[in-house]
Amino acid sequence: MRVFSLTVALFAGLTNAAFYYPDVQTSLLEHILVDNWGAYASNFSSAITPCTNYVTQIGEAARNSGRTTAAQWMRVLFHDFITANVSAGTGGVDASIGFETARGENSGSAFNDSFTFWRPFVNEFVPMADLVALGTVMSNNLCGGHIMPYRPGRKDANAADPTTGVPAPETDLEETLVFFERAGFDQTDSIKLTACGHTLGSVHHGGFPDVVDDSAVTPNNTNGGVNFDTTRGVFDTKVVEEYLAWTGQKGGPLVTTANITAQSDLRLYESDKNVTMRDLLGQGESFKDTCVDLLGRAMNTVPGSVELKAPIAPLTVKPINVTFDFGSDGRLFLSGRIRILSGANDSNPKSLDLHILNRDIKLEAESENGRSAWGSNLIGTSTTYGTTTYFPFSIDDPSIGKAKSFSIAGQTFSLQGESFIVPSTSTLSGTTLNIIVAIQQSRPCNDFTLETASPEVRQGTLAPRIVEGTAAFQKAPGLSGYQLCQSVAQLDQESTGLVSVKLLESGVLVDTLLVNGGKAGW
Ligand code: HEM
Ligand SMILES: *[C@@H]1O[C@H](CO)[C@@H](O)[C@H](O)[C@H]1NC(C)=O
Ligand SMILES: *[C@@H]1O[C@H](CO)[C@@H](O)[C@H](O)[C@H]1NC(C)=O
Ligand SMILES: *[C@@H]1O[C@H](CO)[C@@H](O)[C@H](O)[C@H]1NC(C)=O
Ligand SMILES: *[C@@H]1O[C@H](CO)[C@@H](O)[C@H](O)[C@H]1NC(C)=O
Ligand SMILES: *[C@@H]1O[C@H](CO)[C@@H](O)[C@H](O)[C@H]1NC(C)=O
Ligand SMILES: *[C@@H]1O[C@H](CO)[C@@H](O)[C@H](O)[C@H]1NC(C)=O
Ligand SMILES: *[C@@H]1O[C@H](CO)[C@@H](O)[C@H](O)[C@H]1NC(C)=O
Ligand SMILES: *[C@@H]1O[C@H](CO)[C@@H](O)[C@H](O)[C@H]1NC(C)=O
């Protein structure tokens, strides 16, 4: 079997009964990064497919709005990041922008539009701030940029950032450079970062009437957008080319507007006599690497107390939804899917060997594949994408509960079937969680506790807060040699996304399950 050669993740220290490899956070975020289109795709990419899409309205209204979701996501990053004071260690990417939408400096619909789409993806393991960064990575990776690494680990702010000061069209050059400097970007960096951002999207009459007058508003451009370059949905060098050659959009409305006070891009780009802009033009295709670097620095600017984790590497072999459960006949079984990620030039595998309890089981590929920006290959002007192939399995061997691991293509994945949350009978309905766990030996149910963490509506921002709770278990009738324990827990509000349910034995975490109450966008 040939698989796309990528960093192989380590699966050490896994204690869960299964489900999330290599851990909950990585599994969820890797899914968004890799599973872009086709079979089992994350819904995240759909918002920016095609890259001119606008997700906040639907149908004709969206197509005719003149707004661009992929571009909005990058602007959200800019506004969240730029109020950082790196010498004080405050601000940066912390989703505080959600509390700051009424500030004049945050004019426009991008912030709440983006948070509305991202909100159902937030849970205990995925804060809004990580999605602010991920939005830019996805827009870049899917819309023509060079693949950008993504590091998780941000934390959501609980209030607005007291620091204000986002450059606006009328902000003078000196003050603009002070804001960038505060966030760790010198003059050259600021020109580069702005040109990278302004290769996508538009300035809209709706939000910026002093820059774009009402003549831009037409039935097929209802928000009156005037684009920064001739390809508003493509991450390319056009904005730089058109500015210097004075063709197409000539660098966009913040260069060409008749209102001299509002020509902020012209002031910035010209502030070193166009030297940096000419340098960017000279870079050609490498402009995209410069943007990977600068946008990466912006998204990794976080408060001093936050430590980012290592970049998420796409997994060549990924077990998904692998879990123990009971069938309708009461028999224990282990089921799930194995996802294989292949590069654009590789052929997709047709079968796969799964080794478990001294048995080799031959798995057959499902007919529908997925497509991924990871492992893609640029041939001329067209891109061929990486492919994901799925191998389902279900094993109801009577001894399956004793399996401690399984292996695929030389990689071993840990399992434990001693005590687990039963997926098919653990549900969230409204605010009621009904959880059943199975325990192999006849230990008392009160050795176990349930911990919950639910994303809920928070005042003043569309970023949810995470509300934690605990509950006890009661003995329930047994099944297939397992003791069952039940817990019914009440959330104080309906959740906005996936609720985490954690099983602890004498205080030690033994299993985690994310329960969908019907709101999650995954
Ligand atoms: C001097 C600095 C900057 C100023 C004054 C500025 C100003 C603006 C304004 C007025 C808009 C129009 C928003 C709308 O009509 O919806 C805009 C759009 C945009 N900005 Fe900037 N910007 C600056 C720097 C940056 C930087 C550093 C980035 C990097 C991520 C960025 C990314 C974007 C994007 C992607 C859009 C398009 C949004 C859309 O189409 O909805 N900007 N900017
Ligand atoms: C950043 O914070 C430091 C320390 O609190 C402060 O002295 C400085 O004025 C701040 N910088 C800006 C540009 O506000
Ligand atoms: C130009 O823009 C500035 C700030 O955006 C605004 O205060 C002023 O009224 C505008 N001038 C004209 C003539 O539209
Ligand atoms: C709107 O329609 C006009 C005339 O058909 C066309 O030139 C223009 O490109 C369209 N604008 C957008 C934003 O689709
Ligand atoms: C910078 O480039 C712009 C756009 O091509 C041009 O209008 C302007 O005169 C240039 N300025 C300098 C100082 O070269
Ligand atoms: C995993 O489970 C979720 C929730 O039931 C489902 O939406 C998704 O399609 C499953 N993915 C795979 C690859 O089995
Ligand atoms: C894939 O194949 C194309 C065309 O044959 C080639 O140009 C490219 O370098 C190959 N890519 C990789 C990653 O091997
Ligand atoms: C954005 O949403 C928040 C939370 O619902 C709300 O308080 C705020 O007023 C909204 N901002 C705008 C500009 O609509
Ligand atoms: C998926 O995203 C689309 C927008 O791209 C949205 O309309 C739809 O409601 C989302 N589906 C789910 C299940 O969240």
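These numbers were taken from a predicted model, which means no experiment stands behind them.
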Backbone N or O of [Y] within a donor-acceptor pair of the [X] side chain at under 3.5 Å?
X	Y	result
Q416	S419	yes
D156	P127	no
R339	Y40	no
D80	D94	yes
S487	A472	yes
D447	S506	no
Q72	R67	no
T26	P22	no
Y150	D130	yes
N223	G225	no

Quick one: does T90's side chain get under 4.5 Å of P303's, heavy atoms only?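 No, their side chains stay 4.5 Å or more apart.
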Student check: side-chain heavy atoms of H79 and E100 closer than 4.5 Å: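 Sidechains of E100 and H79: no contact.
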Calculate, to the nearest 0.5 Å, the distance between atoms [atom1] and [atom2] belonging to [X] and [Y] respectively.
X	Y	atom1	atom2	answer
N300	F81	CG	CZ	10.5 Å
N106	I97	CG	CD1	3.5 Å
I400	S335	CD1	OG	10.5 Å
T222	R63	OG1	CZ	12.5 Å
H204	N227	NE2	CG	7.5 Å

Given V137, L29, L308, the one that forms side chain to side chain contact (heavy atoms under 4.5 Å, CB included) with R151: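 Running side chain to side chain contact (heavy atoms under 4.5 Å, CB included) over V137, L29, L308 with R151 returns exactly one hit, L308.
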So if I apply the side chain to side chain contact (heavy atoms under 4.5 Å, CB included) rule between E456 and each of L491, I466, T496, which one comes out positive?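 Going through the options one by one, the only one that passes is L491.
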Ring centroid separation F326 to Y482 under 6.0 Å: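 Centroid distance F326-Y482: below 6.0 Å, so yes.
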Does the gap between the ring centers of F473 and F448 come in under 6.0 Å?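 No - the distance between ring centres of F473 and F448 does not fall below the 6.0 Å cut-off.
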Considering the options S424, S394, S426, which one meets the side chain to side chain donor-acceptor pair (under 3.5 Å) requirement together with D325?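 For D325, the side chain to side chain donor-acceptor pair (under 3.5 Å) check succeeds only for S424.
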Between [X] and [Y], what is the ring plane arrangement, given parallel below 30°, perpendicular above 60°, and tilted in between?
X	Y	result
H31	W522	parallel
W37	Y385	perpendicular
F324	F420	tilted

Kindly indicate, with the supporting measurements, whether the criterion side-chain contact (heavy atoms from CB on, under 4.5 Å) is fulfilled by L200 and T68. CA-CA 8 Å; L200 291 180; T68 317; over 6 Å; no
Give a yes or no on whether a salt bridge exists between D189 and R297, defined as a side-chain N under 4.0 angstrom from a carboxylate O.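 Here D189 pairs with R297 in a salt bridge, since their nearest N and O are under 4.0 Å apart.
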Going by an N to O cut-off under 4.0 Å, is there a salt bridge joining K404 and E418?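 Between E418 and K404 there is a salt bridge, with a charged N closer than 4.0 Å to a carboxylate O.
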Of all the heavy-atom pairs spanning T136 and M74, show the shortest one and how long it is.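 Reported closest heavy-atom pair: OG1-CA, 3.5 Å.
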How close do N434 and Q486 get, heavy atom to heavy atom, and via which atoms?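 So the minimum-distance heavy-atom pair works out to OD1-NE2, 2.9 Å.
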Filter on disulfide bond (SG atoms under 2.5 Å apart), then keep only pairs touching residues 422-488, sequence neighbours left out; what's left?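 Pairs touching residues 422-488 that pass the test: C445-C485.
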